[in-house]
Structure formats: C-alpha cells, structure tokens
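This is the structure I want to talk about, given as structure tokens.
Keep in mind that what you see is a predicted model, and the values were worked out from it rather than measured.
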Amino acid sequence: MVFLRRTLLRRCLLLSAILALLLFSSSFWLPQGGVADCGSAGQPCLTFNHQTPEPPLAPIDWAEPGGAPPLLQECPGQSFQAWRLLQYLQSSLADADDVLLEPYLQSWDQLLSFMESLGSMVSFFSQKVEEKVVLIRQLSLKHSMGDHGGRGPPDLAGLQSPASFGLKTGAYRSIRSMVEAELKAGIVDFTRRTDSGCRTLLRLHRSLLWLELMLEGLAEGPDTDGQYKTPGELSRDAYKVALAPHHPWVLRQAAEFVFLALPDRQYFLQLVCVRNQQEATPVLHIIIHALKLVHTQTQRILAEHGMLELP
C-alpha cells in the first residue's frame, strides 16, 4: 500500500512538473501579444455575437456515396454544433482557389467549443489556439482601422459582430489576400518568429490537420478483432503526424497526458448528436470532407509562397 501511494505521488509530481514546464515553454513557441494585451495601442479587445441560423441538411454532393444527405441536428445543451461547423467550412470555400478568413475563423470558434468540451486537460491547448484566432482578428481590425485614418469604419459599433473585424473586405478578407498583403508590407519574416497573420495561420493550419485526422479515426470501423481505437489513441496517432514534428520535447510529453485524459468514444459521438457509430460515420465523413477541402486549399496557398515552415 505504501509503495502504491509513493508511485501515485511520483506520477502526480511528474505531471505537475511537465505542466509547469509546458506553461513556461509556451511563451517561446506561441505568438506574443494575444488576448491579454487587448486594450493597448493597436490591440483592440474583441467580443463576439454569433448569429444562429437553422440547422441545414448537408448538400447532396457532400453526402455518402449512394445515400441521402444526413440531417445535422441541433444538439441542445452544448456550445459545439456540427451543423454550424459545416456551414462555416463550406462558406469559407465560396471563392474559387481561396479561403475566406471570416468563416474560416468562425469554423475555429466551433472547433474550439469542440476541444473545450473534452475536459480541462485539453483546455490548455485550446486556449493557445484561441489566442491565434483572436490575433488574426486583431491584425485585421488594426489594418482596417488604419485604412480609415485610425478612426475605424463607421459601422464598428462597439466591435460586436464578426463584420467589424475588417474581414469582409480588404487585406484580411481571405487567406490569399492576407498572404499577399503581409508579404508586400514586409510583415512576414522567414528567419525569425513574428506576430504575422501568416505565421499564426500556419499554426492553425497544422492544428486543423490534427483534428481532421482524429475525426477520420473516429469515423473508421473496428479492427479485425471487433475493437475500436480509443479517442486517446486516435488523437495520439494524429498528433504524431500533424503537430509533434513541430513541437519541442516537453510539449510532446505533456500531450501524452492529454491523450490519457480524453473521454470515451461514446462521449465524442454525443458531441455530434448521434447515438451510435452507424449514425456517426456519414456525419463525420461530411465534416471530414469539408475540413480536408479547407486544409488542402490553405496548404496550396501557403506552399505557393514558401510558408509551410515559417519559424
């Protein structure tokens, strides 16, 4: 009994030490000037008012082969809504050969709700993702206010809606326009870390691949023994591909504790408002397809400008 208590104590101390190192190291690999700096010069505080349209059917061409499009239902009592995520992802692809930034970031609002639903261990990472989303909105708003002589457009009205972030028009309207504008202004640095929108977007881009790969695993059937991989195993596999190559050792070790703390598969299915794996598979495939299209388009734009390895 004493031995077991000592073993448990050692594990708790190790977890505390790793999380402390994680908190310390995060200031070096994450963009500076996040949410905490809002209200200072050039760093306006942003608030959000999300519209709530009706849950749609998935478009016919996004349905499972040979099947009707599933109804993406409203899930009462939770902030994450799969139908809303799909709607924003589809809207972000409205321009050919580009990705619109406003619905792209709104997609991340939903993905953040998804991540935060998975427990306190995941919330540390979701907080860092949220800082990146806010930073791009701040950069867009700052640029928009500069175009209006520092006064801001007349419809800012307390910064209460996504339209006020300057994402409707101008340099930050889309990923391609942001990349071209920041390159022209000399904001992007290929040799050191900066708070450019392009560098920040690249970090979101990698995280999007992680979530896409994890959902792909959830959509898969059982193995030859009839066993499903756990969400922790799926997240670990996706992390090794999408994020681990870009993270220092301490973050990779901390991620292992996050994977161990993830809820079971049934909890994930409830988040997309389905009762079982059979219902989940077509819904997940539609969401995965949308994520893949957005990721592929973003990858193409960043690759065209040599931005896939920005420091």
Side-chain angles (χ1 to χ4, degrees), residues 55-65 69-73 75 78-118 122 125-126 128-130 132-133 136 174-176 200-220 229 231 234-244 246 262 265 268-269 271-274 277 279-303 308:
L57 281 168
I60 294 293
D61 58 345
W62 290 50
E64 286 284 276
L71 177 64
L72 303 183
Q73 303 177 27
C75 284
Q78 64 180 49
S79 56
F80 171 71
Q81 299 293 334
W83 66 268
R84 191 175 288 135
L85 169 62
L86 180 62
Q87 185 178 70
Y88 291 143
L89 290 170
Q90 292 170 333
S91 297
S92 72
L93 296 169
D95 277 13
D97 197 36
D98 207 347
V99 178
L100 300 180
L101 267 175
E102 180 184 17
Y104 176 84
L105 296 178
Q106 289 173 317
S107 300
W108 268 111
D109 292 337
Q110 281 300 305
L111 289 170
L112 281 165
S113 294
F114 175 81
M115 294 172 67
E116 289 165 357
S117 300
L118 303 180
V122 181
F125 293 97
S126 64
K128 300 308 175 184
V129 171
E130 183 177 13
K132 295 174 175 63
V133 173
I136 293 178
S174 71
I175 289 179
R176 189 175 294 280
T200 305
L201 175 73
L202 176 60
R203 272 60 188 172
L204 290 175
H205 178 63
R206 292 168 178 170
S207 296
L208 192 72
L209 178 60
W210 171 53
L211 289 167
E212 175 194 324
L213 294 175
M214 183 181 69
L215 291 177
E216 282 183 359
L218 283 172
E220 292 176 355
K229 280 191 172 182
L234 297 173
S235 297
R236 182 183 294 107
D237 292 344
Y239 178 82
K240 288 179 180 178
V241 174
L243 293 173
H246 311 287
L262 288 180
R265 178 179 286 262
F268 279 79
L269 299 187
L271 286 178
V272 294
C273 220
V274 297
Q277 187 68 38
E279 292 181 359
T281 297
V283 172
L284 289 173
H285 279 175
I286 289 174
I287 296 173
I288 292 163
H289 180 57
L291 289 170
K292 194 181 296 291
L293 288 176
V294 172
H295 185 272
T296 300
Q297 191 71 280
T298 304
Q299 178 92 358
R300 184 180 296 117
I301 297 170
L302 293 175
L308 291 177

- request: For residues Gln297 and Leu293, determine if any side-chain heavy atom of one lies less than 4.5 Å from a side-chain heavy atom of the other.
  value: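 Side chain of Gln297 against side chain of Leu293, heavy atoms only: no contact under 4.5 Å found.
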
- prompt: Does the side chain of Leu204 come within less than 4.5 Å of Tyr104's, by heavy atoms?
  reply: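 When only atoms from C-beta onward are counted, Leu204 and Tyr104 do touch, with a gap below 4.5 Å.
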
- request: Answer whether the closest heavy-atom distance between the side chains of Tyr239 and Leu213 falls below 4.5 Å.
  value: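 Not touching, per the 4.5 Å side-chain cut-off.
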
task: Start with the C-alpha distance between Glu116 and Glu130, add both sets of side-chain angles, then the distance that settles side chain to side chain contact (heavy atoms under 4.5 Å, CB included), and finish with yes or no.
output: CA-CA 11 Å; Glu116 289 165 357; Glu130 183 177 13; 4.2 Å; yes

message: Please give me the minimum heavy-atom distance between Ala280 and Val274, naming the atom from each residue.
response: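 Answer, listing the atom of Ala280 first, then Val274: CB-CG2, 3.5 Å.
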
task: Give the C-alpha distance, both sets of side-chain angles, the deciding distance and a yes or no for salt bridge (charged side-chain N to carboxylate O under 4.0 Å, His left out) between Asp95 and Arg176.
output: CA-CA 11 Å; Asp95 277 13; Arg176 189 175 294 280; over 6 Å; no

- request: Taking all non-hydrogen atoms of both residues into account, name the closest pair between Leu262 and Pro231 and its distance.
  value: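 What the structure gives for the nearest pair is CD1-O, 3.8 Å.
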
query: If you round to the nearest 0.5 Å, how far is CG of Leu105 from OH of Tyr88?
result: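 That separation rounds to 11.5 Å.
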
field: Heavy-atom side-chain proximity of Val241 to Asp237 below 4.5 angstrom
entry: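 No, every pair of side-chain atoms sits at 4.5 Å or beyond.
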
- request: Mind listing the closest non-hydrogen atom pair of Ser91 and Leu100 along with its distance?
  value: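 Scanning both residues completely, I find the closest heavy atoms to be O-CD1, 3.7 Å.
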
query: How about Gln78 and Ser117: do any of their side-chain heavy atoms sit closer than 4.5 Å?
result: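 In short, these two side chains do not touch, never coming nearer than 4.5 Å.
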
task: Answer yes if the side chains of Arg84 and Gln106 hold a donor-acceptor pair under 3.5 Å, and no otherwise.
output: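 Short answer, no.
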
- prompt: Quick one: does Asp97's side chain get under 4.5 Å of Arg300's, heavy atoms only?
  reply: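 Yes, side chains in contact.
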
message: Looking at every heavy atom in both Ala219 and Ile288, which two are closest together, and how far apart are they?
response: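 That would be CB-CD1, 4.0 Å.
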
- request: Kindly compute the distance separating CD (Gln110) from CD1 (Ile287), expressed to the nearest 0.5 Å.
  value: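 It comes to 10.0 Å.
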
- prompt: Would you say the side-chain atoms of Arg265 pair up with the backbone N or O of Lys229, donor to acceptor, closer than 3.5 Å?
  reply: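 A pair under 3.5 Å: yes.
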
- prompt: Any chance the side chains of His205 and Gln299 put a donor and an acceptor closer than 3.5 Å?
  reply: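 Yes.
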
Atom pair CG (Leu211) and CG (Leu112), whose distance is rounded to the nearest 0.5 Å: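 Here the rounded value is 9.0 Å.
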
Contacts of Arg206 that satisfy salt bridge (charged side-chain N to carboxylate O under 4.0 Å, His left out) - sequence neighbours left out: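 Arg206 satisfies salt bridge (charged side-chain N to carboxylate O under 4.0 Å, His left out) with Glu309 once adjacent residues are dropped.
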
- request: Applying salt bridge (charged side-chain N to carboxylate O under 4.0 Å, His left out), name anything that partners Glu220, two or more places apart in sequence or on another chain.
  value: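 Partners of Glu220 under the salt bridge (charged side-chain N to carboxylate O under 4.0 Å, His left out) test: none.
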
field: Nearest-0.5 Å distance that lies between atom CH2 in Trp108 and atom OG in Ser113
entry: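 With rounding to 0.5 Å, CH2 (Trp108) is 12.0 Å from OG (Ser113).
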
Backbone N/O of Leu243 and side chain of Trp210: donor-acceptor pair under 3.5 Å: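 No; judged by distance alone, with no hydrogens or angles, the pair does not exist.
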
- request: Looking only at non-hydrogen atoms, find the nearest pair between Ala290 and Leu89 and report the distance.
  value: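 Answer, listing the atom of Ala290 first, then Leu89: CB-CD1, 3.7 Å.
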
field: Leu269 vs Leu218 side-chain heavy atoms within contact, under 4.5 Å
entry: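 The answer is no; the side chains never approach within 4.5 Å.
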
query: Can you name the ring pair (Phe, Tyr, Trp, His ring centres under 6.0 Å) partners of Phe80, sequence neighbours left out?
result: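 By the ring pair (Phe, Tyr, Trp, His ring centres under 6.0 Å) rule, Phe80 matches Phe114.
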
Euclidean distance, Ile175 CD1 relative to Leu201 CG, rounded to 0.5 Å: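 With rounding to 0.5 Å, CG (Leu201) is 4.5 Å from CD1 (Ile175).
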
query: Is there side-chain contact between Asp98 and Ile301, with heavy atoms separated by less than 4.5 Å?
result: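 They are in side-chain contact.
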
- prompt: For the residue pair Val99 and Leu93, what are the closest heavy atoms and their distance?
  reply: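 Looks like CG2-CD2, 4.4 Å.
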
task: Measure the NE2-CG distance between His289 and Leu215 for me, rounded to the nearest 0.5 Å.
output: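 Between atom NE2 of His289 and atom CG of Leu215 there are 14.5 Å.
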
